[in-house]
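These notes are about the structure you will find just below.
Atoms considered below: every heavy atom in the structure, side chains included; atoms not considered: hydrogens, waters and symmetry mates. Within every chain, numbering begins at 1; the chains are lettered A, B, ... in the order of the sequence lines, protein sequences first and strands thereafter.
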2 protein chains.
Amino acid sequence: MAVTIRDVAKAAGVSISTVSRALAAPEQVAEATRVHVQETARAMGYRPNRAARGLITGRTGSIGLVVPDLENPFFGSVCKGVQARARAAGYAVFIADTDEDPMVEAEVVRSLAKQVDGVILCSVRSTDADVEHFAAESPIVLVNRKLGDIPSITFDNGGGLRSVMAHLVALGHRKIAYAAGPVTSWSNSERTAAFRAFAFESPDLDLVELGNFPPFFSGGIQAGDLAIASGATAVVSFNDLVAVGLIDRLRQRGLSAPHDISVAGFDNVPVSTLVWPNLTTVDFPRVQMGRASVDLLLDTVLERAGAGRVVPDIPVELIVRQSTGVAPVRAIERPDDRPILQTQLSGT
Amino acid sequence: MAVTIRDVAKAAGVSISTVSRALAAPEQVAEATRVHVQETARAMGYRPNRAARGLITGRTGSIGLVVPDLENPFFGSVCKGVQARARAAGYAVFIADTDEDPMVEAEVVRSLAKQVDGVILCSVRSTDADVEHFAAESPIVLVNRKLGDIPSITFDNGGGLRSVMAHLVALGHRKIAYAAGPVTSWSNSERTAAFRAFAFESPDLDLVELGNFPPFFSGGIQAGDLAIASGATAVVSFNDLVAVGLIDRLRQRGLSAPHDISVAGFDNVPVSTLVWPNLTTVDFPRVQMGRASVDLLLDTVLERAGAGRVVPDIPVELIVRQSTGVAPVRAIERPDDRPILQTQLSGT
DNA sequence: CGAAACAGTGAAAAGGTTTGCAGAATGTAC
DNA sequence: GTACATTCTGCAAACCTTTTCACTGTTTCG
């Protein structure tokens with residue numbers, strides 16, 4: 001059926017060793033033979049049997065990618081990056097969707113680990129202990145999570161949060177809320193921590209935490225009412241979906257962004273530009289993240305150079321669109337001895 | 001390093017053949033031995049080396065999935081379905097993103113074909129000739145395209161279009177436009193054909209075709225102006241993204257859906273419920289489609305039963321939301337004997 | 001000119017599994 | 001008790017490739 005190295009050898013009149021070398025280690029074989037063999041192989045449409053090769057080399061030429069939810073555009077982008085870079089490096093990509101379930105995750109990692117050279121775990125939902133267990137069993141790279149000295153790729157969540165805050169403060173907002181995401185989310189912890197740090201550094205601002213909310217549209221609906229009740233003039237949402245839900249809830253309540261409340265998100269998913277008002281958000285270059293994770297994994301696996309090297313956070317970028325604007329004047333109307341001005345409010 | 005069948009055999013005090021059989025063909029081995037071997041294997045954490053197995057059986061235990069763009073939520077869903085069903089059947093999934101490029105597609109299919117038992121080609125962009133070539137080389141299933149007697153899974157595009165039309169007509173619309181998608185899209189051809197058939201069957205309606213437009217938000221912007229100019233009171237868009245863009249353009253022009261023009265889409269991507277107004281659209285059960293394609297591929301590959309069987313179109317469902325409504329009165333106000341009218345414009 | 005290095009090639013082993021075949025053990029029928 | 005069927009198990013081949021080692025013939029250097 002399929003053409004094997006033996007067929008090529010026979011056709012080219014050389015031994016199979018020579019064919020193997022002509023294709024895999026061209027410098028070890030004489031110019032003439034090499035050319036002849038290579039042409040014969042190409043003419044016959046020979047492709048090495050990966051199973052046989054893997055059997056002897058111990059390497060499979062493929063990597064695994066585990067994501068919580070393929071339908072989530074965030075992970076779709078990461079996949080795209082991973083897949084592109086892996087293919088460029090001659091690796092194939094096994095994909096596994098865990099449906100956000102840690103149990104499935106464990107099972108999937110275990111079964112995948114045996115048939116790949118390494119695994120990229122994206123936004124893994126398992127406990128620290130489990131993740132360390134995975135790492136002990138096979139080469140892994142963590143995406144969107146940091147744990148011990150397991151190689152990982154992360155975004156600069158803190159930097160992103162600070163840019164949004166600076167943006168909102170510059171627009172005159174003094175009471176700003178953070179609508180938190182799931183407690184189990186590492187990204188959320190990072191953002192919350194940065195938010196608190198920011199609050200600590202800016203005692204003149206009035207910063208409130210809301211939530212936690214599920215990271216979907218529905219979470220934004222919940223967050224909307226709380227945000228209105230809080231009296232904040234601006235809300236930073238855990239992600240874009242929450243921001244969209246929040247804005248929708250404002251609309252339902254007869255308010256609007258950014259007129260009444262400014263709303264910003266995280267991720268810059270495609271939806272950000274489809275809704276009205278377009279979302280001010282922190283862009284996370286996800287495709288780049290996918291690429292970086294492959295590079296890191298390949299470095300670790302192949303140990304070409306710095307295994308275990310530390311990769312800096314991927315920088316993120318604030319994208320200002322229409323969902324944020326100057327603080328509304330009404331927020332300044334408040335009783336008595338502290339008159340009508342925003343500048344005054346915040347004490348500046 | 002890894003525990004092999006040999007280790008298990010030694011530990012269990014049997015031959016490797018027995019171990020192999022105890023795990024793969026349990027009925028061929030005595031109850032007692034089988035239990036003993038299975039327990040030993042499990043205790044030692046034995047997992048068969050897939051490369052070795054593949055080498056001898058000629059099967060890899062994995063399938064390939066080729067999609068044009070992983071960032072597109074439509075394909076993300078299909079992936080999810082494919083991946084879930086494949087894993088349930090003990091298959092792993094190789095994924096490949098072609099970036100909408102037929103050249104990449106050909107290369108990817110060729111390199112993937114050698115390391116999997118079969119390939120699922122989703123919304124393939126290659127020419128008929130190329131696709132037939134793929135099919136000749138390896139077992140494939142086409143998703144979202146029909147070609148000769150290559151096994152394929154498709155949605156009932158025609159049925160979907162007819163439901164939307166019926167819906168709009170029931171709402172009193174008489175001049176309805178179809179904003180067409182890319183000419184290269186098989187789905188678009190189907191929908192266009194159904195639209196024309198509908199026009200033929202309903203001579204009393206005034207049906208106009210607009211486009212073709214790129215299947216994105218930007219295409220909807222273009223479509224918006226043309227739709228307004230056409231005088232149609234309702235527009236059926238090639239997909240949801242176009243519908244969203246179209247609605248946005250209406251808003252920019254000071255009009256709104258459904259008040260001035262009703263807008264419907266296709267696909268029911270998650271965005272449909274995130275925008276305002278929520279989109280009336282035809283739901284395509286994509287995850288189910290992914291599952292069905294795996295089943296079909298496995299049936300074909302393993303030839304368990306009906307290879308080459310014909311799979312009926314997957315039924316689709318109209319989901320009525322807020323972007324469609326009763327035809328505006330202005331459309332009905334018309335001077336008597338058939339003056340200024342749209343019906344007239346297009347000449348039926 | 002001889003020895004040594006070297007380049008190019010082939011033979012053969014190894015890698016882990018499945019499976020056809022044969023042998024051993026047990027049970028059955030006469 | 002013998003012949004025979006049946007059930008279970010082990011041996012060994014086969015799958016295709018990479019890679020070590022050895023061999024041949026050529027070049028280089030002293």
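- Contacts with DNA chain D (heavy atom under 4.0 Å) in residues 33-41 of chain B: B/Thr33, listed by number.
- Comparing the axis of the opening five pairs of the helix from C/dC1-D/dG30 to C/dC30-D/dG1 with that of the closing five pairs yields an angle of 40°, rounded to 10°.
- Residues satisfying the ring pair (Phe, Tyr, Trp, His ring centres under 6.0 Å) criterion with B/Phe155, sequence neighbours excluded, are B/Phe284.
- B/Ser17 and B/Ser20 form no side-chain donor-acceptor contact under 3.5 Å, judged by distance and modelled atom types alone.
- Protein chain A contacts DNA chain D over a range whose 5' and 3' limits, counting nucleotides with an atom under 4.0 angstrom from a non-hydrogen atom, are D/dC16 to D/dT20.
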Stepwise side-chain contact (heavy atoms from CB on, under 4.5 Å) test for A/Ile120 and A/Val294: CA-CA 8 Å; A/Ile120 295 175; A/Val294 172; 3.9 Å; yes
Indicate every side-chain donor-acceptor pair of residues 78-86 of chain B with a distance under 3.5 Å to a residue at least two apart or in another chain.
from    : atom 1 : to       : atom 2 : distance (Å)
B/Lys80 : NZ     : A/Asp69  : OD1    : 2.7
B/Lys80 : NZ     : A/Asp97  : OD1    : 3.4
B/Lys80 : NZ     : A/Asp97  : OD2    : 3.1
B/Lys80 : NZ     : A/Asp99  : OD1    : 2.9
B/Gln83 : OE1    : A/Asp97  : N      : 3.4
B/Arg85 : NE     : B/Asp295 : OD1    : 3.0
B/Arg85 : NE     : B/Asp295 : OD2    : 3.4
B/Arg85 : NH2    : B/Asp295 : OD2    : 2.8

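- The residues B/Arg145 and B/Asp128 are annotated as salt-bridged, a charged nitrogen and a carboxylate oxygen being separated by less than 4.0 angstrom.
- Judged as a salt bridge (Lys or Arg N to Asp or Glu O under 4.0 Å), and not counting sequence neighbours, B/Asp101 has no contacts.
- Put simply, CZ on B/Arg59 is 18 Å from P on C/dT17, counting in whole angstrom units.
- For the pair A/Arg125 and A/Asp130, the salt-bridge criterion is not met [side-chain N within less than 4.0 Å of a carboxylate O].
- Within the structure, side-chain hydrogen bond (donor to acceptor under 3.5 Å, both in side chains) contacts touching residues 28-45 of chain A (residues at least two apart or in different chains) are A/Glu31-A/Arg34.
- The nearest whole Å value for the distance from the CZ atom in B/Arg6 to the C1' atom in C/dG15 is 10 Å.
- Listed by chain and number, the residues in a side chain to side chain donor-acceptor pair (under 3.5 Å) with A/Glu27 amount to none (sequence neighbours excluded).
- Here the shortest heavy-atom pairing between B/Arg50 and B/Gly90 reads NH2-O, 3.7 Å.
- For B/Asp156 (side chain) and B/Ile314 (main-chain N/O), no donor-acceptor pair under 3.5 Å exists by modelled atom type.
- Taken residue by residue, residues 12-22 of chain A places heavy atoms nearer than 4.0 Å to DNA chain C at A/Val14, A/Ser15, A/Ser17, A/Thr18, A/Arg21.
- Across all their heavy atoms, B/Thr98 and B/Val104 have their closest contact at O-CB, 3.6 Å.
- Contacts of A/Phe134 classified as ring pair (Phe, Tyr, Trp, His ring centres under 6.0 Å), with partners at least two apart in sequence or in another chain: none.
- Other residues, nucleotides and ligands contribute at most 12 non-hydrogen atoms within 6.0 Å of the CE atom of A/Met103.
- With sequence neighbours excluded, no residue forms a ring pair (Phe, Tyr, Trp, His ring centres under 6.0 Å) with A/Tyr46.
- For DNA chain D, the neighbouring residues in residues 45-58 of chain B, judged by any heavy atom under 4.0 Å, are B/Leu55, B/Ile56.
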